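The block underneath contains the structure these notes are about, expressed in structure tokens.
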Amino acid sequence: MILGNAEVRTIGVIGSGVMGSGIAQVAAQSGYAVRLFDVDETLLEKAVGSIAGFLRRAAEKGKLTPEAAENALTRITTTLSLGECEPCDLVIEAAPESIGIKESLFRELSSIVRSDAILATNTSTLGVTQIAAAATYPERVVGMHFFNPAPLMKLVEVIAGADTSDEVIGTVIETARHMGKNPVRAKDTPGFIVNRVARPFYLEALRLLQDGIASPETIDLLVRKGGGFRMGPFELMDLIGIDVNYAASRSVYEQYFQEPRFRPSILQQRMVDSRHLGRKSGRGWYRYDEET
Amino acid sequence: MSNVIVIGDGLLAQEVATLAEQTGHSVTTFLYGGMDRSTQIGQVPEFLREMANRVEIIVEASIAHRQEKQAVLAHLNDRFVGSDEPILSAVLNASATEVGSWSRHPVNVVGWAAIPPLVDSGVFELMPGKHSSANSIALARDFLASLGKDPVLVEDTVGGVFPRIIANLVNEAAFTLTEQVAEAEDIDTAMKLGTNYPYGPLAWGDRIGLDQVVGILTALGEAYGQDRYRVAPRLAQLAQAGHWGKASGQGFYTYPTE
Ligand SMILES: NC(=O)c1ccc[n+]([C@@H]2O[C@H](COP(=O)([O-])OP(=O)(O)OC[C@H]3O[C@@H](n4cnc5c(N)ncnc54)[C@H](O)[C@@H]3O)[C@@H](O)[C@H]2O)c1
């Protein structure tokens with residue numbers, strides 16, 4: 001068995017979308033050399049542009065020196081060729097949430113990187129074990145689940161698949177800490193920790209609404225003022241996107257073989273059907289289109 | 001300011017009593033079970049006999065066991081025959097309407113709900129039952145407001161709004177722990193950092209009292225179906241063992257004893 005390489009210097013990031021660009025930025029700011037890969041050149045350019053903008057604003061606010069911002073940016077190399085990931089000690093995959101795409105990426109990456117490199121996936125809803133099975137060495141495949149926005153959110157869930165070695169877990173935890181993150185370890189189960197434990201926050205609130213106990217405004221108020229939460233469940237669904245939240249509910253529910261605790265609500269489905277998806281569509285549980 | 005009696009078995013009862021004292025009410029408290037193992041529900045009649053004659057507000061927060069809540073209501077029936085003091089009953093394990101059905105004076109019964117720690121809370125849930133009279137609702141509202149928190153009117157449901165949400169969060173975290181998905185500390189850290197919860201659900205459960213959390217879930221299960229509100233095995237076991245959390249020194253976590 002080939003063990004994880006304790007010394008991570010070069011990190012590959014696959015996919016330069018919302019998560020990939022954030023992860024690339026965090027890695028570069030933490031001193032790692034970054035190879036950022038995407039299939040779409042314009043998206044790579046856009047990602048570098050947004051990272052540069054973020055770093056510039058951070059420097060303006062005095063959160064880091066202009067030199068540090070400049071250095072971080074120069075550590076990122078973009079590429080359209082997966083083969084450029086060859087020197088990477090750790091590759092973090094943040095491609096679209098499709099098992100087909102991820103399986104073929106892990107198969108291909110297996111033949112590109114050194115035999116002691118670690119392959120990590122940022123998947124939110126797919127099984128780490130299933131993705132790992134597509135790689136040559138499943139013991140070197142691990143989940144590294146960042147939260148959006150990756151540069152700001154401190155949490156990283158480090159997910160052990162069925163075959164992931166303890167050494168690999170240890171190296172990834174150490175790397176996450178070096179990135180200034182707070183890693184927690186979890187087994188490969190649907191929703192891992194956060195996306196699972198948070199389900200009742202939304203589903204119980206939806207049940208209360210459906211039963212006519214209180215309005216979204218009142219439930220949000222009681223959760224904010226009664227419990228010190230920053231946002232109530234309906235405000236948070238509007239922020240996340242009601243479609244995204246509904247998809248997460250359905251995914252956990254289906255993966256747990258329709259465990260009743262996770263049963264989604266018809267109210268979510270109706271909101272998605274009506275295209276009232278929350279802030280992004282101007283209307284969800286609340287209206288945002290009247291604001292200017 | 002009123003003469004208030006508070007009867008209950010958990011931190012919620014204790015904190016409401018403290019709050020009432022701090023806001024100038026004259027409070028007599030009877031705590032049993034999870035909060036004071038030296039006293040028992042059977043001593044309630046004795047406690048009520050010793051009460052000063054004029055009681056203006058009765059607050060009941062007996063949450064861990066529905067039979068005990070029923071027993072408290074029966075004792076109140078015996079003591080306050082024909083009286084019209086409002087009974088503010090915490091709905092965490094029975095709706096206001098159901099508690100009213102146990103009372104000889106259902107018009108006096110009004111539901112309320114909150115979750116400790118009350119210092120963090122700016123609101124009380126106010127839940128009239130089907131029988132509550134306008135007068136007792138008004139008296140209940142005024143009393144809750146006098147404690148310095150806004151009463152928010154919602155429909156009557158077992159569990160209340162926020163306690164239902166919190167109890168289910170604690171339960172799901174307990175399932176996650178039962179299934180050995182992650183360590184307790186990591187579950188709490190993940191919920192605080194990954195989704196901005198003010199406390200980790202396991203530490204919060206320990207603070208509320210695991211007997212209380214199980215009381216809420218069990219009542220929800222009886223009302224709406226066990227499949228959805230089934231108590232996580234780890235949580236059920238801790239409650240059975242008397243490991244009710246912070247107040248008893250052990251729950252999901254172990255606490256140093258004073
Ligand atoms: N958005 C979130 O809040 C969030 C949070 C945690 C985890 N995730 C997970 O992160 C992953 C990426 O999500 P995202 O929101 O950044 O998506 P995104 O759509 O913003 O980015 C995906 C990127 O992958 C690129 N891509 C498409 N096909 C590819 C391929 N074959 N190989 C490599 N790259 C390819 C796309 O061009 C795009 O730039 C998903 O697995 C998602 O579940 C997302």
Side-chain angles (χ1 to χ4, degrees), chain A residues 145-148 153-160 181-205 207-209 211-215 218-233 236 240 252 256 259-263, chain B residues 113-115 117-118 120-125 127 149-150 152-157 159-176 179-183 185-202 204 220 224-230:
Chain A
H145 189 220
F146 289 80
F147 288 73
N148 186 23
M153 296 294 279
K154 286 275 174 217
L155 185 69
V156 176
E157 290 177 331
V158 177
I159 314 299
K181 299 299 180 193
N182 197 328
V184 296
R185 190 182 168 148
K187 269 204 263 185
D188 181 24
T189 45
F192 311 135
I193 302 173
V194 174
N195 283 336
R196 173 200 182 155
V197 177
R199 298 283 40 99
F201 186 67
Y202 310 106
L203 294 174
E204 199 59 21
R207 171 67 76 95
L208 286 157
L209 175 63
D211 290 354
I213 303 303
S215 65
T218 302
I219 295 172
D220 281 349
L221 174 92
L222 292 172
V223 170
R224 261 189 283 107
K225 294 212 170 156
F229 282 79
R230 264 190 237 168
M231 293 180 92
L236 201 47
I240 293 167
V252 171
Y256 271 106
E259 163 62 47
R261 291 199 315 282
F262 300 124
R263 187 182 302 135
Chain B
I115 279 287
L118 293 182
D120 290 352
S121 172
V123 287
F124 278 117
E125 298 174 25
M127 302 190 161
K149 306 195 188 284
D150 291 337
V152 176
L153 191 70
V154 290
E155 293 296 320
D156 186 23
T157 174
V161 170
F162 186 53
R164 266 177 73 161
I165 292 174
I166 283 297
N168 282 287
L169 280 178
V170 175
N171 200 32
E172 198 51 49
F175 270 112
T176 307
E179 294 164 16
Q180 295 176 298
V181 172
E183 304 285 341
E185 288 87 351
D186 281 350
I187 293 170
D188 278 350
T189 299
M191 299 318 289
K192 284 187 286 184
L193 297 183
T195 177
N196 276 325
Y197 286 2
Y199 302 100
L202 297 172
W204 207 341
L220 283 166
Y224 300 121
Q226 291 299 339
D227 56 353
R228 192 179 173 110
Y229 298 102
R230 181 165 65 95

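Protein chains get the first letters and strands the later ones, always in sequence-line order, with residue 1 at the start of each. This one's a predicted model, so the numbers in the text were calculated from it and none came from an experiment.
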With a 4.5 angstrom heavy-atom cut-off, is it the side chain or the backbone of [X] that approaches chain A, or both, or neither?
X       : answer
I166(B) : side chain
V152(B) : side chain
F162(B) : side chain
D227(B) : both
A114(B) : neither

Leading residue by heavy atom contact count with chain A [cutoff under 4.5 Å; candidates [options]]:
options                            : answer
A190(B), G122(B), A173(B), A182(B) : A190(B)
Y224(B), Y229(B), F175(B)          : F175(B)
L153(B), V123(B), T195(B)          : V123(B)
N168(B), V170(B), D150(B)          : N168(B)
D186(B), L169(B), D156(B), L193(B) : D186(B)

Out of curiosity, N171(B) CG to R230(B) CZ, how far, rounded to the nearest 0.5 Å?
8.5 Å
Using atom types as modelled and distance alone, determine if a side-chain donor or acceptor of E157(A) lies under 3.5 Å from a backbone N or O of I193(A).
yes
N-O pairing of E172(B) and R196(A) below 4.0 Å:
yes
4.5 Å side-chain heavy-atom contact, I165(B) and L208(A)
yes
Is a side-chain donor-acceptor pair under 3.5 Å present for R164(B) with T157(B)?
yes
Can you sort out the partners of F124(B) under ring pair (Phe, Tyr, Trp, His ring centres under 6.0 Å), two or more places apart, ordered by chain and number?
W112(B)
Taking ring pair (Phe, Tyr, Trp, His ring centres under 6.0 Å) as the definition, give me every residue that meets it alongside Y202(A), ordered by chain and number, with sequence neighbours left out.
none
Greatest number of heavy atom pairs closer than 4.5 Å to chain B - which of [options]:
options                            : answer
N195(A), N182(A), V156(A)          : N182(A)
G191(A), A186(A), G227(A), A214(A) : G227(A)
R207(A), R263(A), E259(A), H145(A) : R207(A)

How about [atom1] on [X], more than 12 heavy atoms from neighbouring residues, nucleotides or ligands closer than 6.0 Å, or not?
X       : atom1 : value
K225(A) : NZ    : no
E179(B) : CD    : yes
Q180(B) : CD    : no

Can you tell which part of F201(A) gets under 4.5 Å to a heavy atom of chain B, answering side chain, backbone, both or neither?
both
Structural part of I159(A) lying under 4.5 Å from a heavy atom of chain B
neither
